[in-house]
Amino acid sequence: MGEFTMSGNTYFDGVSQPVLLVKNKKIKYCNPAAQALFRACTLPLAEGESPAVTLPDGDGVLAELNMGGERWTVRSRELGVNGVLCLFERNRDGGLSPQRVRELAVQLRRLLGPLNASIETLQSTLVETEQYRNEKWISYLNHSQHKLLRLVDNLDFYSQSDDDLAILYPSGALELSDFCRETEHLLDCLLEQIGCRFVYREEASDAAVWVNEYLLRRLLYNLTANALGQKGTLVLTLRAAGDRAVLTLADSAGGIPPEKLERTFSPEADRPLSEVLSDGFGLGLPICRRIAHFFGGTLLLAPAGEGTAVTLSLPLCSPSQCNLLRDGGIFDPAQNYNQVLTELSGVLPARCYGQETVF
């Protein structure tokens with residue numbers, strides 16, 4: 001993968017999401033996915049020309065377009081002297097309605113009570129002669145509990161408005177280099193249990209962003225879980241590109257076929273509850289992209305060698321933001337649950353959920 005500079009290059013060429021870079025209302029760059037979309041709509045698209053459709057102008061602006069018989073949402077990101085980056089997202093029908101999401105969250109939350117009771121019963125009856133057997137069952141139950149909690153938490157998050165998120169998850173200045181080093185230490189030790197490695201490479205320092213740390217961890221853990229289809233090495237790289245910080249997480253094997261990249265951001269609706277409990281709704285990546293947008297960032301997927309690279313770009317803090325004191329507390333809706341064990345519950349084995357690990 002070429003260097004990610006936020007100015008239009010080989011990275012965007014490999015992204016399945018249509019991307020345009022517009023400066024002074026003229027097209028500065030368009031990736032192959034954008035060319036294919038506009039070609040299918042018989043609309044002219046060429047560098048140096050004005051876009052054939054009305055695009056949002058400014059940072060964080062949304063526009064709705066009808067193109068080729070489909071509805072699209074276009075999000076803009078201001079890149080300073082480079083212009084405005086326009087990201088096209090197809091609006092798919094059949095999505096999960098807020099009412100359906102709330103109903104499912106209530107259904108699933110009811111199952112947590114019996115699970116908690118079973119775990120407490122086993123813990124209270126531990127005796128030396130049956131300790132191994134009981135601890136084994138406690139690990140299984142803890143594992144199921146964390147997987148269920150992740151489903152409930154994803155449904156709750158998916159149904160919340162941006163105003164709700166702003167209240168529940170206040171942002172502050174966060175130094176990404178320190179954050180990434182802590183993450184490497186935690187995930188590399190944990191993923192060793194399944195024969196994987198997590199490596200952090202730093203190409204920039206003093207990269208402070210205005211985010212909520214809990215949500216950023218949630219995004220990164222979700223991306224890690226999605227990348228662990230096979231054993232291998234995950235490499236997290238921090239770069240600076242103009243006035244943005246760029247985090248890239250690349251896996252070394254497997255990956256997602258190019259034609260399926262953008263489809264991974266679409267949640268699956270109307271699934272039976274029995275299927276939901278086994279492998280979820282596919283909400284992880286849509287939630288990751290929503291968190292990125294909530295922070296004024298972008299999240300893009302592209303092939304990288306034999307694997308896939310996901311790139312998160314976030315605006316750097318202004319000098320006035322960097323000088324603000326950060327609240328020492330991190331809001332944790334899971335309360336006493338371990339966040340990383342919850343987010344990675346779909347890929348970690350039950351042996352990682354014994355009493356000593358969880359409590």
Side-chain angles (χ1 to χ4, degrees), residues 1-68 71-91 162 176 203-204 207-211 237-248 261-262 265 289-302 309-321:
M1 185 183 71
E3 184 181 357
F4 189 85
T5 65
M6 295 300 295
S7 61
N9 55 23
T10 55
Y11 176 82
F12 287 113
D13 287 346
V15 172
S16 61
Q17 181 180 358
V19 174
L20 291 179
L21 187 64
V22 180
K23 183 177 182 181
N24 298 327
K25 298 186 178 180
K26 302 290 185 181
I27 297 173
K28 185 177 179 182
Y29 166 81
C30 54
N31 73 342
Q35 293 172 359
L37 171 62
F38 278 73
R39 190 183 306 117
C41 300
T42 64
L43 295 173
L45 184 67
E47 283 191 44
E49 300 294 329
S50 298
V53 295
T54 303
L55 297 175
D57 188 13
D59 190 45
V61 182
L62 293 180
E64 298 288 337
L65 298 177
N66 278 309
M67 299 182 65
R71 293 178 295 113
W72 294 79
T73 295
V74 187
R75 298 177 182 268
S76 66
R77 289 288 174 257
E78 181 71 51
L79 301 182
V81 296
N82 289 318
V84 176
L85 189 70
C86 297
L87 307 169
F88 289 69
E89 297 173 25
R90 183 182 286 107
N91 298 339
D162 283 351
L176 282 181
E203 299 180 10
V209 292
W210 190 257
V211 297
T237 305
L238 172 63
R239 301 184 180 97
D243 59 354
R244 300 180 80 85
V246 179
L247 283 170
T248 300
L261 283 177
E262 196 57 30
F265 286 104
R289 177 166 277 180
R290 186 181 179 194
I291 292 173
H293 291 162
F294 182 64
F295 295 145
T298 62
L299 189 70
L300 298 169
L301 285 170
V310 56
T311 297
L312 168 69
S313 73
L314 295 168
L316 293 171
C317 280
S318 65
S320 59
Q321 288 176 323

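When a residue number appears, it is its place in the shown sequence, counting from 1. All values below were derived from every heavy atom in this structure, side-chain atoms included, with hydrogens, water molecules and symmetry-related copies excluded.
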Side chain to side chain, [X] and [Y], heavy atoms closer than 4.5 Å:
{"X": "C30", "Y": "F38", "answer": "no"}
{"X": "V209", "Y": "F295", "answer": "no"}
{"X": "L37", "Y": "W72", "answer": "yes"}

According to side chain to side chain contact (heavy atoms under 4.5 Å, CB included), who are the partners of [X], at least two apart in sequence or on a separate chain?
{"X": "T237", "value": "R201, E203, V235, R239"}
{"X": "R75", "value": "L62, T73, E89, H293"}
{"X": "N24", "value": "none"}

Minimal non-hydrogen separation, [X] against [Y], with atom names:
{"X": "G296", "Y": "P315", "answer": "O-CD, 3.4 Å"}
{"X": "L238", "Y": "A245", "answer": "CD1-CB, 4.4 Å"}
{"X": "V246", "Y": "T311", "answer": "CG1-CG2, 3.4 Å"}
{"X": "T298", "Y": "S313", "answer": "OG1-OG, 2.6 Å"}
{"X": "Q17", "Y": "L299", "answer": "OE1-O, 4.2 Å"}
{"X": "D162", "Y": "R290", "answer": "OD1-NH2, 3.0 Å"}

**Message:** To the nearest 0.5 Å, what is the distance between CG on L314 and CG on D243?
**Reply:** 11.5 Å
**Request:** Drop me the distance from L300's CG to R289's CZ, to the nearest 0.5 angstrom.
**Result:**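 Those atoms lie 6.5 Å apart.
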Please list every donor-acceptor pair under 3.5 Å in which a side-chain atom of residues 41-60 meets a protein atom from a residue at least two apart or in another chain.
| residue | atom | partner | partner atom | Å |
| --- | --- | --- | --- | --- |
| S50 | OG | K26 | NZ | 3.3 |
| D59 | OD1 | E78 | N | 2.9 |

**Result of checking L20, V61, L85 against S76 for side chain to side chain contact (heavy atoms under 4.5 Å, CB included)** = V61
